[in-house]
Protein chains: 2
Amino acid sequence: MDRLLQSVQIRINEKLFLKDPESSDLGRKIIEISIQMINEIGFENFTFKKLGMQIGSNESSIYRYFENKHKLLLYLTSWYWGWMEYQLVFATNSIKNPKEKLLKSILIITREVKEDSSFSHINEVLLNKIVINEYSKSYLTKEVDTENKEGFYAIYKRLVGRLAEMISEVDEEYEYSTSLASTILENGLHQHYLKEHFPSLTDCTNKITPTQYLTHLVFNILNNTIDE
Amino acid sequence: MDRLLQSVQIRINEKLFLKDPESSDLGRKIIEISIQMINEIGFENFTFKKLGMQIGSNESSIYRYFENKHKLLLYLTSWYWGWMEYQLVFATNSIKNPKEKLLKSILIITREVKEDSSFSHINEVLLNKIVINEYSKSYLTKEVDTENKEGFYAIYKRLVGRLAEMISEVDEEYEYSTSLASTILENGLHQHYLKEHFPSLTDCTNKITPTQYLTHLVFNILNNTIDE
DNA sequence: CAAATATAATAGTAATACTATCATAATATA
DNA sequence: TATATTATGATAGTATTACTATTATATTTG
């Protein structure tokens with residue numbers, strides 16, 4: 001990715017933290033190491049106590065940044081989707097042709113992240129893995145409706161909206177652009193997960209990517225409607 | 001559903017329980033009430049202690065049936081997929097026409113369960129909701145690979161396999177039958193969830209069902225291929 | 001240099017996720 | 001019917017989690 005991201009900051013809902021982790025060394029360390037740890041031991045086994053030990057800091061200090069680990073997960077995944085949105089807009093902005101634009105967007109959204117921008121303390125490769133493994137847990141909760149009202153999923157929703165719009169621009173007759181957009185986002189992650197843990201449940205392999213599968217799917221649906 | 005289910009038992013992997021809950025009153029009560037409770041308070045807030053209090057039984061007695069709540073969730077969701085498979089096979093067995101067969105299968109798999117068979121202690125309406133809200137949590141864990149080897153996801157995998165075969169029978173040229181099958185299963189649940197909690201992320205409503213969306217999607221992909 | 005602020009250290013609480021032990025109730029078998 | 005077996009219940013106990021509160025000590029800023 002380009003260097004622009006160095007100076008561009010991704011704006012996260014302020015209710016997700018008590019103190020902005022971007023505002024101090026400790027805060028950035030919390031983000032950096034929590035990404036490593038959640039990726040390694042999984043969100044369930046991850047605790048602020050363990051994080052404190054790894055950082056060489058204190059549990060209570062971490063609690064001054066984040067109320068709990070659920071909010072931290074929401075922070076990290078929001079950052080990820082914000083980063084994704086930035087790339088999407090940046091890469092497709094100049095593309096006039098709607099099909100080409102959608103094609104590019106699907107690529108950006110469903111590809112495996114393989115390179116860390118290595119400018120910031122945020123490792124995007126690991127964060128991509130975390131999103132694949134843990135994102136669902138951030139909304140499959142009893143608190144989802146109140147948290148949705150608080151705007152905790154705003155960036156993700158905006159991203160789905162953008163994609164849905166691009167779909168409509170390719171085929172304005174298609175009636176399910178929003179559902180299809182959410183399917184691309186969500187099933188993109190899911191196919192990556194299946195590839196890794198349930199290879200018998202997907203055709204995706206090292207040669208066939210989720211991007212190929214979903215691109216083929218989308219472009220065979222659009223401008224191509226037979227009614228049942 | 002027909003009365004056959006009264007006598008048909010769904011076979012669950014024996015490693016999922018310490019003592020078969022179908023073998024006693026207490027066991028059946030555990031299943032019955034845990035379905036109600038998980039549906040009400042969510043899997044995270046659900047504990048064996050609370051379950052014991054509701055049943056009027058003892059925490060330690062429940063631990064004699066299930067090692068932990070994760071295994072109980074695997075038991076419940078396995079039962080659900082086994083029940084789904086039974087309905088699928090039963091309802092499509094006699095259908096010769098591949099398209100008709102696939103159409104029926106997608107309906108069965110993606111529809112909202114609205115009627116409890118009310119023969120057994122298992123409430124399928126609630127169980128369907130639990131699967132929508134909690135199924136991902138049963139495999140998005142660090143233990144997924146060992147548990148997969150133990151066969152804990154066998155029924156679900158068999159179901160995806162059956163659906164993939166039906167897809168191939170409609171269009172043997174289609175290269176992503178397995179991925180598409182897993183997409184139908186998983187995204188079917190997801191669209192139901194979105195409909196309930198993120199209506200802006202789906203076109204599904206009370207009038208447009210996930211079944212309609214996915215049926216349209218599948219039949220516009222098959223026998224209809226344009227290559228990129 | 002003083003004041004303000006951030007972090008660290010320690011302690012403490014309630015709940016969770018169990019394990020272990022022993023008592024009692026229900027059932028099966030001799 | 002007495003006895004052995006098995007199932008369940010009651011109680012206690014442990015380690016960990018998910019915090020909150022307090023006080024001490026750095027570090028930064030005015």
Side-chain angles (χ1 to χ4, degrees), chain A residues 14-34 37-38 40-76 121 134 137-138 140-143 146-147, chain B residues 14-34 37-38 40-76 121 134 137-138 140-143 146-147:
Chain A
E14 297 195 353
K15 289 179 205 144
L16 286 178
F17 49 79
L18 300 168
K19 182 181 167 172
D20 187 355
E22 289 297 329
S23 70
S24 73
D25 279 346
L26 180 61
R28 283 182 292 270
K29 200 91 191 154
I30 288 172
I31 300 303
E32 184 187 353
I33 308 297
S34 68
M37 286 189 75
I38 293 173
E40 258 171 62
I41 64 178
F43 187 66
E44 274 70 41
N45 303 314
F46 170 81
T47 70
F48 280 179
K49 188 161 199 176
K50 290 177 189 170
L51 176 61
M53 278 160 63
Q54 280 283 326
I55 299 180
S57 169
N58 204 273
E59 199 189 358
S60 61
S61 303
I62 297 162
Y63 274 105
R64 280 201 203 87
Y65 286 84
F66 293 98
E67 269 179 71
N68 50 50
K69 67 177 183 172
H70 176 244
K71 290 265 172 79
L72 172 59
L73 180 63
L74 283 169
Y75 180 93
L76 294 177
H121 48 291
E134 324 284 0
K137 297 172 195 166
S138 78
L140 293 176
T141 68
K142 278 286 162 185
E143 297 76 34
T146 47
E147 296 193 340
Chain B
E14 297 194 353
K15 289 179 205 146
L16 286 178
F17 49 78
L18 299 168
K19 182 181 166 173
D20 188 356
E22 288 297 327
S23 71
S24 74
D25 279 347
L26 180 62
R28 283 182 292 270
K29 201 90 190 153
I30 288 171
I31 299 304
E32 185 188 352
I33 307 299
S34 68
M37 287 189 74
I38 293 172
E40 259 171 61
I41 63 177
F43 186 66
E44 273 72 41
N45 302 314
F46 170 81
T47 69
F48 280 179
K49 186 161 199 175
K50 290 178 189 169
L51 177 60
M53 279 160 61
Q54 281 282 327
I55 298 180
S57 170
N58 204 275
E59 199 189 358
S60 60
S61 304
I62 296 161
Y63 274 106
R64 284 199 198 89
Y65 285 84
F66 292 99
E67 268 179 72
N68 50 51
K69 69 177 183 171
H70 176 245
K71 291 264 170 80
L72 171 60
L73 180 63
L74 283 169
Y75 180 94
L76 295 176
H121 48 289
E134 323 283 1
K137 297 172 195 166
S138 77
L140 293 176
T141 67
K142 277 286 162 185
E143 297 76 34
T146 47
E147 296 193 342

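In the text below, chain A, chain B and the rest are named by the order of the sequence lines, each starting its count at 1. Quick note: numbers below take in every heavy atom, side chains included, and nothing from hydrogens, waters or symmetry partners. Fair warning: this is a prediction, and the values are worked out from it, not measured in the lab.
Distances shorter than 4.0 Å separate none of the side-chain N or O atoms of Ser24(B) from OP1 or OP2 on dA26(C). Between Lys19(B) and dA7(D) there is a side-chain polar atom (N or O) within less than 4.0 angstrom of OP1 or OP2. Look at Ser57(A) and you'll find a side-chain N or O under 4.0 angstrom from OP1 or OP2 of dA8(C). At least one side-chain nitrogen or oxygen of Ser61(A) sits closer than 4.0 Å to the OP1 or OP2 atom of dA8(C). The side chain of Tyr65(A) places an N or O atom within less than 4.0 Å of a non-bridging phosphate oxygen (OP1 or OP2) of dT7(C).
The distance from atom CZ of Arg64(B) to atom C1' of dA10(D) is 11 Å, rounded to the nearest whole Å. The nearest whole Å value for the distance from the CD1 atom in Ile55(A) to the P atom in dT7(C) is 11 Å. Computed from coordinates, the Lys69(B) NZ to dA15(C) P distance equals 15 Å when rounded to whole Å. In this structure, the CD1 atom of Ile62(B) is 12 Å from the P atom of dA10(D), given to the nearest Å. Going from atom CG of Asp20(B) over to atom C1' of dA7(D) covers 15 Å, rounded to whole Å. Computed from coordinates, the Glu67(A) CD to dC19(D) P distance equals 8 Å when rounded to whole Å. If you measure from atom CD1 of Ile30(B) to atom P of dG9(D), you get 9 Å, rounded to the nearest angstrom. With rounding to whole Å, Arg28(B) atom CZ is found 15 Å from dT8(D) atom C1'.
Listed by first and then second residue, the side-chain hydrogen bond (donor to acceptor under 3.5 Å, both in side chains) pairs that reach into residues 45-58 of chain B are Asn58(B)-Ser60(B), sequence neighbours excluded.
You'll find the side chain of Phe43(B) stays beyond 4.5 Å of the side chain of Leu140(A), heavy atoms only. Side-chain contact between Ile62(A) and Leu72(A) is absent, with no heavy atoms from C-beta onward closer than 4.5 Å.
The nucleotide whose nearest atom lies closest to any side-chain atom of Leu26(B) is, among dA17(C), dT8(D), dA8(C), dT8(D). In this structure, the nucleotide among dC18(C), dT17(D), dA6(C) sitting nearest to the side chain of Glu59(B) is dC18(C).
Contacts of Tyr63(A) with the nucleic acid, taken as non-hydrogen atoms under 4.0 Å apart, include base atoms. Contact annotation for Lys50(A): backbone-only contact, meaning every heavy-atom pair under 4.0 Å involves sugar-phosphate atoms and none involves a base.
Only one option out of Glu22(B), Glu32(B), Arg28(B) pairs with His121(B) in a side chain to side chain donor-acceptor pair (under 3.5 Å); it is Glu22(B).
Within a 6.0 Å radius of NZ in Lys29(A), other residues, nucleotides and ligands contribute 12 heavy atoms or fewer.
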